[in-house]
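In what follows, a single structure is set out as structure tokens and then discussed.
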Number of protein chains: 2
Amino acid sequence: MAEEVSNKQVILKHYVTSYLKESDMELKNTTIKLNVPEGSNAMVLKNLFLSCDPYMRNRMKKFEGGYVESFTPGSPITGYGVAKVLESGDLNFQKGDLVLGRTGWEEYSIVTATPTLFKIRDKDVPLSYYTGILGMPGLTAYAGFYEVCSPKKGETVFVSAASGAVGQLVGQFAKMLGCYVVGSAGSKEKVDRLKSTFGFDEAFNYKEEQDLDAALKRHFPDGIDIYFENVGGKMLDAVLLNMKIHGRIAVCGMISQYNLEQTEGVHNLFCLISKRIRMEGFLVFDYYHLYPKYLEMIIPQIKAGKVVYVEDVAEGLESAPSALVGLFSGRNIGKQVVMVSRE
Amino acid sequence: MAEEVSNKQVILKHYVTSYLKESDMELKNTTIKLNVPEGSNAMVLKNLFLSCDPYMRNRMKKFEGGYVESFTPGSPITGYGVAKVLESGDLNFQKGDLVLGRTGWEEYSIVTATPTLFKIRDKDVPLSYYTGILGMPGLTAYAGFYEVCSPKKGETVFVSAASGAVGQLVGQFAKMLGCYVVGSAGSKEKVDRLKSTFGFDEAFNYKEEQDLDAALKRHFPDGIDIYFENVGGKMLDAVLLNMKIHGRIAVCGMISQYNLEQTEGVHNLFCLISKRIRMEGFLVFDYYHLYPKYLEMIIPQIKAGKVVYVEDVAEGLESAPSALVGLFSGRNIGKQVVMVSRE
């Protein structure tokens, strides 16, 4: 008989319709048998690092867009994570392997969708990076910038939520290509980091700008070629006024809107015509085939110190609800991760 | 000495900030000498047909988008038209030539920007067509559909303002390619024409739909691959909810917004991400190089009766202000033209 152990879980209590609060989730003490059911190809995972990502907010509502499934109230939240294989019914994995993929917000998970898991081979980098620069946010930045933005050397690039999991990388990729890059973020500390840590040419604190249009005109007197959109709402409206002719907007996220029951209206879409702007939404799912190529490019850059990555690591599953909620007020600096267990 | 003749003009009285009214323009009786100033390469034109186009509304405000110049209050309105050359200082044109290009809303114009004029060679079609199917709206439909929408046989296409100067052609082009095409328009007569004259598969009167989202779901139970956007506002919001994954929106115009001091907000832009939609604005100016190729394709189609074009011809310059205002309430059926003189 398999060992039965205690298994703390983070449960979604109900669908969330307005601002996400910690009390929309609860910690529950359960138990779990750490064995693969007879004849199954499932795996027993010990979760090490869990990724806090803005899109998860959309899984907490009855979401009509259909690109992600809603969570099930009463069940543990799921998301990307790094885990250790304790037992495997899938011949492609062995006990002791480290994997990246969808797992539960709990100490141990039994995962049946094993083909979606990716075996981590290069362990000579912080393991938590596989939830960030070496995981979904990293590939998002890479595909969004290189595949959607059609960037050219010398172009002007604006990134919102620029110190976040994706934004900090977009800025660095744009600098590597020889672009002029400006980022916005929500605190002085983040703005300082954009310039000192990530090498952005300029940065500003959007919370301190009375007039976002004026702020953008100050930093882009000749306009913006590329906008990497992470926030939506008022910032998008201001950006539209400042795009250059034939500019491109890669729409990665709209975090400012996810907690709103009625989203803000965007008023300046006529600029799409007058400036012949291409505005294109994308999801990282469509670019998974680029993941091996991306890892091959990025891991040497990390090891050579040419790309840096800042994480905000919350310790312990107990801190997970607060870490997730914090994303939407911008409390995190860098990629928000929850460390469930070091090994 | 050249003959001095009377020259009626349509003058813009002042910048217009809200709903355009006939009284924002006035008819003025002036005189003109029908000769080219000594040493100039200007041309004296007799205006035959003037084009009423929605973008002209944007030239009546102090417009910040910068893609077209604002009109000058106190001066005649200008726009696309078909005219006869009475005298030419430009060696590329001769007396008696028919030309298409920017001219004034008046009986006679002296035009200095002669390089922008196009000499009409095929006169075996209605001359007024050069303001429509053989002019700017025709090339707009052609470039917008083939170059921006990336259409494929069998795809589902929705066209708003579908019986208008551009829309009626987009629908016919889409049918020629083997797409399923639905159009919206603002009256029963227009809706009937969409199906009986232009061959749309289905059509609906947006003014009679309580719920645009429901109307679109009725006609596109599996969603829309391509939206050819002419109207903006609420229709765009409803379309976003009904686009298919990897759908395309070619943004040609937003006529519902041009008279509003504060444009309507668009709320469903998150769909750009969840459905990976490409939304791209375009202007016909960028596609002028395709004009000869377009004429070569379309003129035989017209002569063979394979493409039809419906015009709404207002008689006399006196009727021009009313014809232009009528565009914004959808009073016209088909391309709105003003016939200033038959020859």
Side-chain angles (χ1 to χ4, degrees), chain A residues 54-55 57-58 63-68 140 143-144 148 213 223 229-230 232-234 236-237 240-258 260-287, chain B residues 54-55 57-58 63-68 140 143-144 148 213 223 229-230 232-234 236-237 240-258 260-287:
Chain A
Y55 82 93
R57 176 66 185 82
N58 291 327
F63 188 61
E64 297 208 340
Y67 79 110
V68 284
T140 300
V148 184
D213 177 32
E229 162 69 305
N230 287 314
K234 291 182 181 63
L236 176 56
D237 249 341
L240 283 163
L241 296 175
N242 288 282
M243 290 298 289
K244 280 196 204 177
I245 285 174
H246 293 129
R248 287 133 272 150
I249 300 178
V251 192
C252 176
M254 294 190 163
I255 193 172
S256 72
Q257 305 298 299
Y258 297 168
L260 305 180
E261 284 179 75
Q262 167 74 335
T263 59
E264 290 178 282
V266 172
H267 294 270
N268 296 327
L269 289 174
F270 185 76
C271 295
L272 295 181
I273 303 175
S274 58
K275 300 173 180 182
R276 298 86 119 182
I277 296 168
R278 171 164 62 81
M279 183 167 173
E280 189 164 349
F282 72 99
L283 285 175
V284 68
F285 312 154
D286 292 335
Y287 297 95
Chain B
Y55 82 92
R57 176 65 186 82
N58 291 326
F63 188 61
E64 298 211 336
Y67 77 111
V68 283
T140 300
V148 184
D213 177 32
E229 163 69 306
N230 287 313
K234 290 182 182 62
L236 176 56
D237 248 341
L240 283 165
L241 296 176
N242 287 281
M243 291 298 289
K244 280 195 204 177
I245 284 173
H246 293 130
R248 286 133 272 148
I249 300 177
V251 192
C252 176
M254 295 190 163
I255 193 174
S256 73
Q257 306 299 299
Y258 298 167
L260 306 181
E261 286 181 72
Q262 166 74 336
T263 60
E264 289 178 283
V266 171
H267 293 271
N268 296 326
L269 290 173
F270 185 75
C271 294
L272 296 181
I273 304 175
S274 58
K275 300 174 180 181
R276 298 84 123 180
I277 296 168
R278 169 164 63 81
M279 183 169 174
E280 188 162 350
F282 72 99
L283 285 175
V284 68
F285 315 153
D286 292 334
Y287 298 95

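First the proteins, then the strands, lettered A, B, ... as listed; each starts at 1.
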Query raised in the report: Would A/N58 and B/F270 count as a side-chain contact (heavy atoms from CB on, under 4.5 Å) if you check the C-alpha gap in whole Å, the side-chain angles of each, and the deciding distance to 0.1 Å?
Result: CA-CA 11 Å; A/N58 291 327; B/F270 185 75; 3.3 Å; yes

Report task. Apply the test side-chain contact (heavy atoms from CB on, under 4.5 Å) to residues A/L269 and B/Q257: give CA-CA distance (whole Å), side-chain angles for both, the deciding distance (0.1 Å), then the verdict. Result -> CA-CA 10 Å; A/L269 289 174; B/Q257 306 299 299; over 6 Å; no

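In this structure, chain B has a heavy atom under 4.5 Å from the side chain of A/Y258, while its backbone stays farther away. Contacts of B/D286 with chain A are made by side-chain atoms alone, with heavy-atom separations under 4.5 Å and no backbone atom involved.
Atom NZ of B/K275 is separated from atom CG of A/L283 by 12.0 Å, given to the nearest 0.5 angstrom.
The number of heavy atoms from other shown groups lying within 6.0 Å of NZ (A/K244) is above 12.
For A/I273 against B/F282, the heavy-atom pair with the smallest separation is CG2-O, 3.6 Å. Heavy-atom minimum distance, B/E264 versus A/H267: C-ND1, 3.6 Å.
In terms of the side chain to side chain contact (heavy atoms under 4.5 Å, CB included) criterion, residue partners of A/E229 (sequence neighbours excluded) are, by chain and number, A/S160, A/Y227, A/V231, A/L236, A/I249, A/V251, A/M254.
Contact count against chain B (heavy-atom pairs under 4.5 Å) is highest for A/R276 among A/E280, A/R276, A/R248, A/R278.
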